[in-house]
There are 2 protein chains.
Amino acid sequence: MNEFKKTPTIQDVARVAEVSSATVSRALTSPERVSEATRERITAAVLETGYTVNQMARSLRLRAAKTILIAIPNIGNPFYSTILDAVVQDAAERGYGVLVANRLGGDPTLGLKDYFYSNRADGLLLFDATLDLESLQDLPLVRGNRPLVLSCDDIPDAPLDLVMTDNRDAADTATRHLIELGHKKIGTVRSRTTPNVVSERHAGFERALMRADLPIRQDWIWQGDHAIAGGIAAAESWLALNERPTAMFCGNDETAIGFISRLRQSGVDCPRDVSVVGFDDIAVAEHLLPALTTMRQPRYDMGKVATALLLDILDGPATERTPARRILKSELIIRASTAPPRDCN
Amino acid sequence: MNEFKKTPTIQDVARVAEVSSATVSRALTSPERVSEATRERITAAVLETGYTVNQMARSLRLRAAKTILIAIPNIGNPFYSTILDAVVQDAAERGYGVLVANRLGGDPTLGLKDYFYSNRADGLLLFDATLDLESLQDLPLVRGNRPLVLSCDDIPDAPLDLVMTDNRDAADTATRHLIELGHKKIGTVRSRTTPNVVSERHAGFERALMRADLPIRQDWIWQGDHAIAGGIAAAESWLALNERPTAMFCGNDETAIGFISRLRQSGVDCPRDVSVVGFDDIAVAEHLLPALTTMRQPRYDMGKVATALLLDILDGPATERTPARRILKSELIIRASTAPPRDCN
DNA sequence: TGTGGCGATGCAATCGATTACATGCGGCCG
DNA sequence: CGGCCGCATGTAATCGATTGCATCGCCACA
C-alpha cells in the first residue's frame, strides 16, 4: 500500500508533488507563501505518501524540541498526578510534548540523566525543591539558559519564576479553624520531602498558635513523609503520649488518612477524640469516613499556571525578564473530621 | 565562566582537545577505540566546555529517539499514575525518556498529535483500548513500524504484544467471594471507559453467578465511569430499587468508594446492609471505613513488565517476532466492606 | 519596448552527531 | 631493508527539515 519502505520524508513528498522540498516545507508551515495550485498538489502528495514531519530533524534545525521536562517527586501521589494531568493537557494544546522525570532530586543517576536529557527539552517545570540552587544551576537545562519554572515549593533567594500556593496563610487558616472550634492543644505532622513548603506551612501553623497565645510544644510536632505511612507512624507516637493534643494539623491528606486510620484501630475516634485537618483535598477526601476537613489546593490550576508561564516564556521573545511570582489561594473545606473538643462541650 | 555563548557542541570539544569531532564521538561511545592519552584529553575537554550530547542530532542520525510514548486514559487516576511511576522509573534506568500523552483516544486533536509526535518516540506503551485496531494502525508510530505494547486492556484479534491482568478470573474470584459469604442477590457497576477489560470482568462476574445458579438481573447492572461519580450515580439508582442486591461487585475502587459514600448519606451501611467489593486496591483502600475488600491488581508490575517488553523489543535485534502475551495474577484482599448478608445471619 | 518589481519557486548551506572509508604511522617479520 | 598489517585518527557524507539568497516569469508602467 505504501510505496516507501521507510518513513516518508519531505523529499518524497517533493518528488511526488514535483516541486522542491523547500516548497513543501513552506506549504506546510506558511501556506500563504505558495500558490494555490502547488498547495493542492502538495496536500495530495502528503496524503499519498503518508508523510509526517520528522521532529528530530526539525528540532535540530530550529533548536527547539517543542518539549518540556517535568520533574515530580512522586508521580504516584494523587496531588502530583493531578498537576501532571493539567500540564500534559495544556502543553499538548500548545503543541508541546511532556517528558516526565520522576524523583529527579533523589536519584543517584542524576549525572546520567543530565547527559540524557540535555538538549531534549526546551524548558523545565520543577515541582520539587529538594534540589538546592547550586545543583539546580548545574543542570544542563539551566546552564543552557533554558527557562525553568518552579512550583509547589520555593527555593529561598533564588531568582526564579515561581508558582505557589499561599502555604503560610493556608496553614494559618487551617490552624485557626481548629482554634475557633475551641481547641487549645494542637499538634502537627510536618513533612520533610519538600523543605520550604514545609517550613512555610509550619510557619503558618506556629503563627496561628502564637496569635492565639497557645503553646507550641515540640513533643506535639511529628515528622511525616507526605504519605500514609508517615501518618500511621505519627499516630503510634501520639497514642503513646500522656498528654495528647485534641486537634492535629496534618501536612497533607495522605498523612491525615494514615493518622485517622491508625487511631481508629486503637479505638480512638475522629472527630470525637481528636480533630484532624488535612491539606490538599485529594479526590477521596470527601468520601472518607469521617469526610476530611482540609485545605483545598488549586493544584489543577497550579499545573495550568505553571505551564502557561513556561510556554509564554518559550514562545515569547527572548527578552530579559524579571522572574514572575504567582501565588494561588487555598480554600478551607470544612467537613466532618473536625469538631469542638470533647471537654469543651 | 563558560567560554561558549551557546551550548557547546562536539566541535567545540574537538577544538579544545585538538582532535577531530570523529575522535570525540568515538571516545564517548566506545572509549576502547581511542588511545588512552587522547581519551584523557577529551575527557578534560568535555569537562572544560561543559559539553553534553545534543540528543536531537544524535536521534536524527541514529534514527532512534531513545524515547517512548505512553498513552494513558486518565493520569489523575491513582491506578494509572502508579503504572506511570513504574514506567518512568524503569525506562530511565535503561536510558529512555518517557513522553506522556493523556487521553489519546478521546482527544479530537488526535490528528495534530499525529503530526506532532511522529518520529519522536521509538515505541508506544498503550494503556487504553478505546482505540480500535483500525485507528491504531493509522497512528504514524505504528505505521512507521514502531513497536507497541498494549496493557491493561485487550483489543480482540489484534496481533499485538500484550500485558494484562487476569480480569475474568479476578472478577470471578471477587464474585465468588460474595457468593461464599452467602449472598444470593448480587449486582455490579460496570464501566465503559475500557471496553474489553469491562467485558472480561463482566464475563467473570456472570460466570461466577451462573456456576452458582444465581440470577443475572439486568436491573442490577449499572454503568459506571471508573470514577467516584459513577459509583454515586449507581448508588442513587440502587436506593430507588424495590428489591435491592445485598452485594455489589464494583468495576474499580473509585466506583466502590462513591457507591459506599453515597449510600451512607442515606443511612445505608456497608457492610451491614450491603457488601461491596472493589477492584484495583488503590493506596487508600485499606484506610477507608469500612476498609475495602478488593482485587489487588499488580499495577506496578504491569508497568514494569510492559516497559521491559517494549524496551527489549527496541534494544533487541530487529527480527520477526510473534507477539507476546503476559498475564499477571490479581489477588483477593479481604477487608471489612464485605460480610455475610443480614437475613442469612 | 524596456525595466522595475513582485510573487513563486529552487538551490544549497545549516543544525550536530555518527560512521564508512581513507590516511598515516609504527612495528614486525622475512 | 622493504613490505605488510593494524591501530589511531582524520575526512566527509549522512540523517531530514528549514531558510537566506538567487532565479525566473509575468505584469505594469513609462
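Order of the sequence lines sets the chain letters (A, B, ...), proteins ahead of strands, with each chain counted from 1.
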Mind listing the closest non-hydrogen atom pair of [X] and [Y] along with its distance?
{"X": "B/A91", "Y": "B/V98", "answer": "CB-CG2, 3.6 Å"}
{"X": "A/D161", "Y": "A/L148", "answer": "CB-O, 3.8 Å"}
{"X": "A/D122", "Y": "A/P147", "answer": "O-CD, 3.4 Å"}

Whole-Å gap separating [atom2] ([N]) and [atom1] ([X]):
{"X": "B/K66", "N": "C/dA17", "atom1": "NZ", "atom2": "C1'", "result": "15 Å"}
{"X": "A/Q55", "N": "D/dA17", "atom1": "CD", "atom2": "C1'", "result": "10 Å"}
{"X": "B/D12", "N": "C/dA17", "atom1": "CG", "atom2": "C1'", "result": "13 Å"}
{"X": "B/N119", "N": "D/dT18", "atom1": "CG", "atom2": "C1'", "result": "16 Å"}

Which protein N or O atoms sit under 3.5 Å from an N or O of nucleotides 13-16 of chain C?
from   : atom 1 : to    : atom 2 : distance (Å)
C/dT14 : O2     : A/R61 : NH1    : 3.0
C/dC15 : O3'    : A/R63 : NH2    : 3.0
C/dG16 : OP1    : A/R63 : NH2    : 2.7
C/dG16 : N2     : B/A57 : O      : 3.4

Using salt bridge (charged side-chain N to carboxylate O under 4.0 Å, His left out) as the criterion, list what pairs up with [X], not counting sequence neighbours.
{"X": "A/R94", "answer": "A/D312, A/D315"}
{"X": "B/R63", "answer": "none"}
{"X": "A/R33", "answer": "none"}

By side chain to side chain contact (heavy atoms under 4.5 Å, CB included), which residues pair with [X], not counting sequence neighbours?
{"X": "B/E18", "result": "none"}
{"X": "B/T23", "result": "B/V19, B/S20, B/R26, B/V34, B/T38, B/I42"}
{"X": "A/E32", "result": "A/S30"}

Problem set entry | Whether B/R325 side chain and B/L162 backbone form a donor-acceptor pair below 3.5 Å |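 Not at all, since once roles are kept as given, no pair shorter than 3.5 Å links the two residues.
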Donor-acceptor pairs under 3.5 Å, side chain of residues 301-311 of chain B to any protein atom, not counting sequence neighbours: which ones?
from   : atom 1 : to     : atom 2 : distance (Å)
B/K304 : NZ     : B/D90  : OD1    : 3.2
B/T307 : OG1    : B/G303 : O      : 2.6

For this session: Give me the residues of residues 34-46 of chain B where at least one heavy atom lies under 4.0 Å from an atom of DNA chain D, by number, or none.
Result: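 Listed by number, they are B/V34, B/S35, B/T38.
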For this session: To the nearest 10°, let me know how far the axis at one end of the helix from C/dT1-D/dA30 to C/dG30-D/dC1 is tilted from the axis at the other, five pairs an end.
Result: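 That helix gives 60° between its end axes.
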Problem set entry | side-chain hydrogen bond (donor to acceptor under 3.5 Å, both in side chains) partners of B/N77, counting only residues at least two apart |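 Applying side-chain hydrogen bond (donor to acceptor under 3.5 Å, both in side chains) to B/N77 gives none.
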Between protein and nucleic acid, restricted to nucleotides 20-26 of chain C and to nitrogen or oxygen atoms under 3.5 Å apart, what atom pairs and distances do you find?
none

Exercise. What is the nucleic acid contact for A/V24, judged by heavy atoms within less than 4.0 Å: base, sugar-phosphate only, or nothing?
Worked result: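 No contact at all - A/V24 keeps every heavy atom at 4.0 Å or more from the nucleic acid.
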Exercise. Has B/T23 got a side-chain N or O lying under 4.0 Å from the OP1 or OP2 atom of D/dG10?
Worked result: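 For D/dG10, OP1/OP2 do have a side-chain N/O of B/T23 under 4.0 Å.
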For this session: Output the distance between atom CG (A/N54) and atom OG1 (A/T9), rounded to the nearest 0.5 Å.
Result: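 Nearest 0.5 Å value for the CG-OG1 distance: 9.0 Å.
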